[in-house]
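Comments concern the structure below.
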Amino acid sequence: MVEMLKGIAASDGVAVAKAYLLVQPDLSFSKVTVEDTAAEEARLDNALAKSTEELQAIREKAAQSLGEAEAQVFDAHLMVLSDPEMVGQIKQNIQDNKVNAESALKEVTDMYIGMFEAMDDNAYMQERAADIRDVAKRILAHLLGVTLPNPSMINEEVVVVAHDLTPSDTAQLDRKYVKAFVTDIGGRTSHSAIMARSLEIPAIVGTMEITAKVKANDILAVNGIEGDVIIDPTEDQKAEFIKAGDAFAAQKAEWEKLKNAATVTADGKHFELAANIGTPKDLEGVHNNGGEAVGLYRTEFLYMDSPDFPTEEDQYKAYKAVLEGMEGKPVVVRTMDIGGDKELPYLQLPHEMNPFLGYRALRISLSEQGDDMFRTQMRALLRASVHGNLRIMFPMVATLKEFRAAKQIFVDEKQKLESEGTKVSDTIQVGIMIEIPAAAVIADKFAKEVDFFSVGTNDLIQYTMAADRMNERVSYLYQPYNPSILRLIKNVIDAAHAEGKWAGMCGEMAGDQTAVPLLMGMGLDEFSMSATSILKTRSLMKRLDTTKMAELANRALNDCDTMEEVVELVNQYVD
């Protein structure tokens with residue numbers, strides 16, 4: 001039955017393919033008394049064999065796509081599956097208590113998990129508890145005849161359907177097969193949406209009910225430009241979506257003609273268009289889209305894609321690859337921004353009522369717990385600095401005291417390396433992200449000490465409006481064009497320029513086609529965005545006159561009371 005849903009358009013593009021549900025199945029069961037214990041043992045053996053075969057395939061795929069070190073985590077899972085003592089205890093439980101395999105499995109594995117978790121002074125043994133929990137879940141799924149989703153094993157064209165997608169889920173998506181994704185929750189600036197734009201996968205988020213409406217293998221038509229998704233479309237509707245996809249491809253072809261063009265406005269002013277990246281592999285997208293710099297290198301993916309803290313050498317190689325790959329063009333590297341919805345299994349963070357306002361990013365780096373991690377990252381960056389044009393940026397800075405503490409660690413590690421005879425660049429710029437309103441308000445004070453600002457609008461907007469950017473129920477308050485947001489941004493730009501410093505933006509607003517004319521008029525120097533937004537932004541800028549845009553910005557800042565009035569004003573100035 002044809003059904004239409006509306007969500008938030010999160011990543012441009014159109015796709016028609018069958019649904020792949022990235023939804024955890026129901027693993028509930030009842031304890032049952034059995035007479036034929038041999039049959040239950042046979043069921044268990046069958047589930048163990050299927051789990052082993054599945055894990056071996058996952059391990060092989062992980063080794064190919066992520067590397068041998070990443071794949072080794074599955075070796076521990078395979079060892080659990082083949083542990084004769086544990087398997088023997090499960091079978092003994094079936095025989096002695098005459099219970100079904102599901103019940104025996106849970107009782108024995110829960111005992112092991114509890115035992116290992118109690119060893120709170122032994123991190124290695126606690127990790128074994130997590131391994132056993134994962135393996136037990138897989139065996140149970142096979143006993144119950146249900147499938148555990150695994151995005152890394154997708155090998156046909158699909159639209160991924162999920163309640164939400166974590167950054168690690170999204171990182172596993174293969175563009176060759178995943179043609180789009182649709183989620184229940186999230187907003188345009190949620191991490192899954194940002195990753196979708198980086199991967200150039202069409203995406204719709206915040207539909208609220210896609211997982212309740214769709215079954216595995218249903219055909220979905222997805223328009224990530226408009227935010228429309230149709231379940232089981234008619235042939236005419238499929239043709240309409242495919243036509244929209246062809247039109248978008250034609251528009252992209254026009255934009256691609258600007259790949260090697262300078263970003264110059266109608267009146268001859270140049271702006272720097274940069275790209276946000278997560279890994280060195282993203283440089284291909286930067287070059288393919290004519291990026292003039294990397295305005296945000298999200299280094300937390302180095303940590304999230306590693307089974308343990310990445311070493312200084314591993315980080316050095318990654319930073320070196322990006323700096324060399326950009327061939328002298330600026331590269332702004334953001335130091336580790338873990339916390340909020342980005343967790344590390346090997347970094348024990350406290351449970352918090354509101355982690356986005358809690359212990360995260362620079363707050364961890366400056367703590368006793370994060371000191372070694374931060375200094376290791378700083379050393380790796382300093383060593384890599386000789387390979388290109390490095391700029392270091394600290395995230396989640398609220399006070400001058402925090403910036404000064406982080407800057408002092410930078411200075412200390414630089415001096416140590418130089419005293420060891422290691423060459424370090426003397427032209428490294430050190431700046432901060434402006435994403436906390438407190439920092440935006442006193443930007444004039446910060447501007448005397450930093451080398452640059454980069455406005456992180458994704459968090460700045462949610463903190464200013466007190467509206468969770470991941471929550472579709474308050475998405476109406478996520479207002480990038482609200483006069484309050486525009487005034488904060490203008491304050492930051494003016495403060496930077498008063499001290500002869502530059503101001504950029506690395507939030508998604510930098511590539512927003514309604515916001516770009518306003519930001520040009522305010523005098524923003526650098527616009528950093530998903531690489532796929534660069535060419536259409538360059539195309540827009542070439543049509544605009546900065547004198548006229550300055551007039552637009554002035555009127556928006558002083559005459560408009562609401563976001564809607566600002567949008568209407570922009571539409572008057574931009575044809």
Side-chain angles (χ1 to χ4, degrees), residues 24-153 155 168 172 306-308 344-346 348:
Q24 292 302 316
D26 179 9
L27 295 177
S28 59
F29 64 91
S30 298
K31 185 175 182 178
V32 178
T33 301
V34 299
E35 291 301 324
D36 191 348
T37 56
E40 289 304 302
E41 288 186 45
R43 287 182 63 229
L44 177 66
D45 286 336
N46 185 49
L48 289 167
K50 286 182 177 178
S51 297
T52 300
E53 183 181 348
E54 198 171 72
L55 275 172
Q56 285 171 339
I58 292 170
R59 191 206 184 286
E60 187 177 335
K61 182 75 181 283
Q64 291 171 356
S65 59
L66 301 173
E68 185 61 29
E70 296 283 344
Q72 286 175 1
V73 67
F74 298 108
D75 290 337
H77 291 199
L78 287 163
M79 285 175 66
V80 171
L81 274 172
S82 61
D83 181 0
E85 184 174 346
M86 189 182 79
V87 173
Q89 286 187 42
I90 297 170
K91 289 184 176 181
Q92 194 65 48
N93 193 310
I94 292 171
Q95 293 169 8
D96 293 349
N97 299 309
K98 295 189 179 302
V99 293
N100 53 335
E102 291 89 342
S103 178
L105 170 74
K106 185 172 190 325
E107 185 174 325
V108 172
T109 54
D110 279 357
M111 178 194 71
Y112 275 97
I113 290 166
M115 182 173 65
F116 288 137
E117 283 185 335
M119 300 179 185
D120 50 17
D121 59 342
N122 189 324
Y124 175 82
M125 298 310 290
Q126 287 192 316
E127 286 173 15
R128 299 294 69 76
D131 291 335
I132 293 170
R133 184 178 285 107
D134 282 353
V135 170
K137 182 178 175 182
R138 189 172 300 281
I139 301 167
L140 181 58
H142 283 296
L143 284 170
L144 295 171
V146 298
T147 303
L148 290 177
N150 184 348
S152 70
M153 298 301 288
N155 59 4
S168 57
Q172 292 181 67
S306 174
D308 203 344
L344 300 178
Y346 51 84
Q348 297 302 311

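Nothing here was measured: the structure is a model prediction, and the numbers come from that model.
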Contact list for residues 136-147, test salt bridge (Lys or Arg N to Asp or Glu O under 4.0 Å), sequence neighbours left out: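 Found Glu54-Arg138.
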Who pairs with [X] by side-chain hydrogen bond (donor to acceptor under 3.5 Å, both in side chains), at least two apart in sequence or on another chain?
X     : answer
Asn97 : Asn93
Gln56 : none
Ser28 : Asp26

Could you work out, with salt bridge (charged side-chain N to carboxylate O under 4.0 Å, His left out) as the rule, every residue matching Asp308, not counting sequence neighbours?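 Once residues adjacent in sequence are excluded, Asp308 has no partner under the salt bridge (charged side-chain N to carboxylate O under 4.0 Å, His left out) criterion.
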Please set out all donor-acceptor pairs under 3.5 angstrom arising from side-chain atoms of residues 36-44, sequence neighbours excluded.
residue, atom, partner, partner atom, Å
Asp36, OD1, Ala38, N, 3.4
Asp36, OD1, Ala39, N, 3.1
Glu40, OE1, Arg43, NH1, 2.8
Glu40, OE1, Ala101, N, 2.8
Glu41, OE2, Gln95, NE2, 2.6
Arg43, NH1, Glu102, OE1, 3.3
Arg43, NH2, Glu102, OE2, 2.7
Arg43, NH2, Leu143, O, 3.0

With heavy-atom distances below 4.5 Å as the criterion, would you say the side chains of Asp131 and Phe116 are in contact?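 No, their side chains stay 4.5 Å or more apart.
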Spacing of Thr109 atom OG1 and Asp134 atom CG [to the nearest 0.5 Å]: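 Going from the OG1 atom of Thr109 to the CG atom of Asp134 covers 11.5 Å.
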Value rounded to 0.5 Å, distance of CG in Asp110 from CZ in Arg133: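 The CG atom of Asp110 sits 8.5 Å away from the CZ atom of Arg133.
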Distance-only, no hydrogens or angles: does the Asn100 side chain make a donor-acceptor pair with backbone N or O of Ser30 under 3.5 Å?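 Answer holds: yes.
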In chain order, what residues pass the side-chain contact (heavy atoms from CB on, under 4.5 Å) check against Ala141, with sequence neighbours excluded?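 side-chain contact (heavy atoms from CB on, under 4.5 Å) check on Ala141 returns Leu27, Val146, Leu148.
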Which pairs of donor and acceptor atoms, one on a side chain in residues 81-91, lie under 3.5 Å apart (sequence neighbours left out)?
residue, atom, partner, partner atom, Å
Ser82, OG, Leu78, O, 3.2
Ser82, OG, Met79, O, 3.3
Asp83, OD1, Glu85, N, 3.1
Gln89, NE2, Tyr112, OH, 2.7
Lys91, NZ, Asp45, OD1, 2.8
Lys91, NZ, Asp45, OD2, 3.3

